[in-house]
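The structure under discussion is supplied below as structure tokens; questions concerning it will follow.
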2 protein chains.
Amino acid sequence: MLLSQTGEYALRAVLYLAAHAGERPVQVAEIARALDVPQNYLSKTLHQLARAGVLASTRGKSGGFQLAVAPDRLALARILSPFGDIEDRRRCLLGRAVCSDRSACAAHGRWKEVAEQLSSFFRETTVADLQQGAALPV
Amino acid sequence: MLLSQTGEYALRAVLYLAAHAGERPVQVAEIARALDVPQNYLSKTLHQLARAGVLASTRGKSGGFQLAVAPDRLALARILSPFGDIEDRRRCLLGRAVCSDRSACAAHGRWKEVAEQLSSFFRETTVADLQQGAALPV
DNA sequence: CATATTTATCATATTATCATGATAAAAGCA
DNA sequence: TGCTTTTATCATGATAATATGATAAATATG
């Protein structure tokens, strides 16, 4: 798939948190159950998001995770970046270290437009954008 | 990166063969040297391409690999498909088994356009298309 | 303070991808 | 036929991604 499994979990978890945003944090167990995702693994993933400033975590009773950023200010790229996605993917299709208009691989001319669209999708789409189209379960 | 390492090797090897198309087959050793790629691994990858009908292989003295398809009829998707790329990647961004206009995930509305561009790039771009922009090494 | 709850972290297992090395099988050619 | 060259295949190892299970640390609350 396009995203790593971990990146996909991260995205879905954040969307779940956005949909269930309230005063109180949501626990990993609930999210894992809702998304049908391994709980311990998700726990580690959410912790990475917390360290990245995307989520806020609180421990102890009635603890859990919450969004730390307003949905309309939270781009998908920011959610995925701790898991090494996106910016890597804009790279040269043929794996060259440098590939630009000046020093182009065979694919560059045709690929760059697609790559830029892909990149800007993740940079510009926010969680709020997705909440709108989201009448259905994540 | 967007392609698997193996997929990238495959693409580069095919482009190399297209650029060095002649009467005589090209040996793995030469391709591996030119692309700076592990020879035994490339050998296996080229064999997969041969089984997929993309390349023709001949053994023995003055054997090697050749394109089995005319460059202008050889889409990138066909080169990559033995390595499980592309069609997987068009799938739902959030990993849903079914995700369509009728049953859409939260991302579907915004994602489908990008996904379609990505998919059609690989389906419609041919080796011949890339040979043109390719004055520089692969 | 004691306890229950929850995240944080560690140790380890599983799986897929990437890679290496060795050998078998085919094919040309002296 | 026998030798050399080359692909085909097998066995194995290395590494990273994914996942599981157990324990530690923090915190609210009685």
Is there a donor-acceptor contact under 3.5 Å from the side chain of A:R123 to the main chain of A:A75?
no
CG of A:N40 versus P of C:dT14: gap in Å, rounded?
16 Å
Who pairs with A:A21 by side-chain contact (heavy atoms from CB on, under 4.5 Å), at least two apart in sequence or on another chain?
none
Can you list the residues that meet the salt bridge (charged side-chain N to carboxylate O under 4.0 Å, His left out) rule with A:R78, with sequence neighbours excluded?
none
Heavy-atom closest pair, residues A:A18 and A:V127:
CB-CG1, 3.6 Å
For residues 38-49 of chain A, pull every pair meeting side-chain hydrogen bond (donor to acceptor under 3.5 Å, both in side chains), keeping only residues two or more places apart or in separate chains.
A:T6-A:Y41
Between C:dT6 atom C1' and A:R24 atom CZ, what is the distance in whole Å?
13 Å
Within this structure, what is the OH-to-C1' distance between A:Y41 and C:dT15, rounded to whole angstrom?
12 Å
Which ones in residues 47-69 of chain A lie close to DNA chain D, meaning a heavy atom under 4.0 Å from one of its atoms?
A:R59, A:G60, A:K61
When you measure from the side chain of B:S100 to the backbone N and O of B:S103, does any donor-acceptor pair fall under 3.5 Å?
yes
For A:D101, give me all partners under side-chain hydrogen bond (donor to acceptor under 3.5 Å, both in side chains), at least two apart in sequence or on another chain.
A:H108, A:K112
Any side-chain heavy atom of A:V54 within less than 4.5 Å of one from A:F65?
no
For atom CG of A:L42 and atom P of C:dT6, their distance in whole Å
15 Å
Could you list where the contact with chain A starts and ends along DNA chain D, reading 5' to 3', using a 4.0 Å heavy-atom cut-off?
D:dT18 to D:dA28
